Undergrad: 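Here's a structure for you.
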Amino acid sequence: MLRSPTDWTERSHDLSRLLARAGVGDRAAFATLYERTSSHLLAVVLRINRDRAQAEDILQEVYVNVWRAASSFDAAQSQPLTWLTSIARNRAIDSLRRLQTQPQMRAAAPASEGRDREDDDVYDTVADESPGPLDLLSRAAEARSLAACMEQLSPSQRQSVALAFFQGLSHAEVATQMRQPLGTVKSWVRRSLATLKSCLDAAVRGERASGQ
Amino acid sequence: MPPCAASAQAASDMDYSRKDLADALAAEYVTGTLRGGARRRFESLLPAHSALREATLAWSERLMPLTAALVPVEPSGDVWRRISDRLDRRKSVVAGAWERLSFWRGLTAFASVAAIGLAVLLANPSAVAPPVVVVLAATGAAASGVAGAPIVASISGDGTTLVARPIAPVALRADRSLELWAVPAQGAPRSLGVLPGGSGVVALRGKVLAGADTLAVTIEPAGGSPTGAPTGPIVYAGKFTL
């Protein structure tokens, strides 16, 4: 189980070793790596592509790529979970691009229900019982010293980042979802990231200073 | 030139070593809002632009831990079986391909070469053309601190991947990286990426080898040249023809 960014760092040592072994062709180490990380990566992929069968296909591609690229992993530059999660997210985002070029098969709401078509957007279609992106952001924030950083964002800024990062929505999709002009959403995301960057980097420097 | 090609050209000529621009692009890339052609272009520029790589790594370290809040979802057992099958299948294709390469057969000392070739052929399971092997001899650059044994590079038959491996371990200061360059007969060297410990797998994007007849390795600050051009001494070099 991986529930906090603290584990993120603590688990890195073991995962680095497994990746290094996989990089020289050790299939057993690779299997262990899969056991320890696949449920996290599947969760990451599923946030972006909700189709379970497609998500598992993506996961398969991710690990074949990991096996291939393991020898180029550089523990001095990146934490293994960060590296693995980045690969999974990139694959998932690429799968959305392919999806968009295929005809969409989504049943339209019957007109007799009299529902406003505007309300029946993509987000409602994919909504489920799992925590929403904002919940996730605040949960992640609790686990870190990130809470203070998050407070510097307006609620709209927070939501725009959460939709983009967790759901893998494009600027245009976030704009549709939040019913705001594209330009507004773009500047929310940009400013949120700039705020998070300076705040997080300051927090990291603070941790390092207090740790020494 | 059609307008879209012109703008793509303009974008590729942008100065990606500018830190603020690199940072803004990397932030969008890692957040996931950089899409379509812009996303692919960004990925194709990563190997040659250390400022982009550094910014991307930094943004990944900032944002990826947010995913720790996700509730894990156990994949079905079928996924691992499929992965495992694919790795088995590729391994046998690779074994056959390497046996045909008599050049390597004699070099039994290169046990690790099989692993390198594995990576190349895994990347290109249908490649039929044999890889081009380039031996990069140590130049003996003064006070470089690297070993005298060469680095062997193998360019996949379809020209999309390069794998480098030093014959002897390379001792390098922790704050230095080896960077691999394609050197054309005329014009500036093009970065192919950094080689941790002298070894690495490099994706060869586009026509990065076009017109090049030499591979060279320089010593650069950790993570690669900050300017996009070689700044340190050439410590290995080898000629090749594709």
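A quick note: this is a predicted structure, and the numbers were derived from the prediction, not measured. To find a chain, count down the sequence lines: A is the first, B the second, and so on, and within it residues start at 1.
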Undergrad: Relative to chain B, which segment of A/A69 carries a heavy atom at a distance below 4.5 Å: side chain, backbone, both, or neither?
TA: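 No part of it gets close to chain B.
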Undergrad: Looking at side-chain heavy atoms only, is the closest gap between B/T33 and A/K186 below 4.5 Å?
TA: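 Side chain of B/T33 against side chain of A/K186, heavy atoms only: no contact under 4.5 Å found.
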Undergrad: About how many Å separate CG of A/D74 and OG of B/S177, when rounded to the nearest 0.5 Å?
TA: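 Atom-to-atom, B/S177:OG and A/D74:CG are 7.5 Å apart.
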Undergrad: Roughly how far, to the nearest 0.5 Å, is OG of A/S86 from OH of B/Y29?
TA: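 The OG atom of A/S86 is 8.0 Å from OH of B/Y29, to the nearest 0.5 Å.
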Undergrad: Please classify the contact of A/L193 with chain B as side chain, backbone, both or neither, using a heavy-atom distance under 4.5 Å.
TA: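 Looking at A/L193, backbone and side chain both touch chain B.
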Undergrad: Heavy-atom pairs under 4.5 Å with chain B are the metric here; pick the option from A/S170, A/A172, A/A194 that has the most.
TA: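 Greatest number of close heavy-atom pairs with chain B: A/S170.
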Undergrad: Name the member of B/S76, B/A58, B/G32 that forms the most heavy-atom pairs with chain A at distances under 4.5 Å.
TA: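 Highest number of heavy-atom pairs under 4.5 Å: B/S76.
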Undergrad: Working to the nearest 0.5 angstrom, can you tell me the gap between A/F166 CZ and B/L66 CG?
TA: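 Taking CZ in A/F166 and CG in B/L66, the distance rounds to 5.0 Å.
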Undergrad: Quick one: do A/D94 and B/R35 make a salt bridge, cutoff under 4.0 Å?
TA: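 So A/D94 does not pair with B/R35 through a salt bridge.
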Undergrad: Of all heavy-atom pairs between A/R52 and B/E74, which one has the smallest distance, and what is that distance?
TA: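 Closest heavy-atom pair between A/R52 and B/E74: NH2-O, 2.9 Å.
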Undergrad: With the side chain counted from C-beta on, respond yes when B/R82 and A/D57 share a heavy-atom pair under 4.5 Å apart, and no when they do not.
TA: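 They are in contact (side-chain heavy atoms under 4.5 Å apart), so the answer is yes.
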Undergrad: Nearest 0.5 Å, please: how far is CZ in A/R89 from CG in B/L63?
TA: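 If I round to the nearest 0.5 Å, the distance is 7.5 Å.
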Undergrad: If you tally heavy-atom pairs under 4.5 Å against chain B, which of A/N90, A/L46, A/V189 wins?
TA: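 That would be A/N90.
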Undergrad: Can you name the closest pair of heavy atoms from A/A43 and B/V71 and give their distance?
TA: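 Here A/A43 and B/V71 meet closest at CB-O, 3.3 Å.
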Undergrad: Roughly how far, to the nearest 0.5 Å, is the CE atom of B/M64 from the OG atom of A/S78?
TA: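 CE of B/M64 is found 9.5 Å from OG of A/S78.
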Undergrad: Test side chain to side chain contact (heavy atoms under 4.5 Å, CB included) on B/V79 and A/Y34 and set out the steps.
TA: CA-CA 10 Å; B/V79 178; A/Y34 177 86; 3.4 Å; yes
Undergrad: Any side-chain to backbone donor/acceptor pair from A/Q60 onto B/W80? Under 3.5 Å, distance only.
TA: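 Absent.
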Undergrad: B/V194 versus chain A, heavy atoms under 4.5 Å apart: side chain, backbone, both or neither?
TA: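 No part of B/V194 comes within 4.5 Å of chain A.
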Undergrad: Check this for me: does any side-chain nitrogen of one of B/R86 and A/E61 sit under 4.0 Å from a carboxylate oxygen of the other?
TA: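 Here B/R86 pairs with A/E61 in a salt bridge, since their nearest N and O are under 4.0 Å apart.
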Undergrad: Does the side chain of B/R39 come within less than 4.5 Å of A/I93's, by heavy atoms?
TA: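 A/I93 vs B/R39: side chains touch.
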Undergrad: Output the distance between atom CG (A/L81) and atom OG1 (B/T67), rounded to the nearest 0.5 Å.
TA: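 Between A/L81 CG and B/T67 OG1, I get 7.5 Å after rounding to 0.5 Å.
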Undergrad: Does A/F30 reach the side chain of B/L87, with side-chain heavy atoms less than 4.5 Å apart?
TA: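 SC-SC contact between A/F30 and B/L87 confirmed.
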Undergrad: Going by heavy atoms in the side chains, are A/W67 and B/I83 under 4.5 Å from each other?
TA: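 Heavy-atom side-chain distance check fails, nothing below 4.5 Å.
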Undergrad: Does any N or O in the side chain of A/E56 come within less than 3.5 Å of the main-chain N or O of B/P75, such that one atom is a donor and the other an acceptor?
TA: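 The answer is no, because no donor-acceptor pair under 3.5 Å joins these two groups.
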Undergrad: Looking only at the side chains, is there a donor atom on one of A/R27 and B/S84 sitting less than 3.5 Å from an acceptor on the other?
TA: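 A/R27 vs B/S84: donor-acceptor pair found between side chains.
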Undergrad: Of the backbone (N, CA, C, O) and the side chain (C-beta and beyond), which part of A/K197 lies under 4.5 Å from a heavy atom of chain B, both, or neither?
TA: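 Both parts, backbone and side chain.
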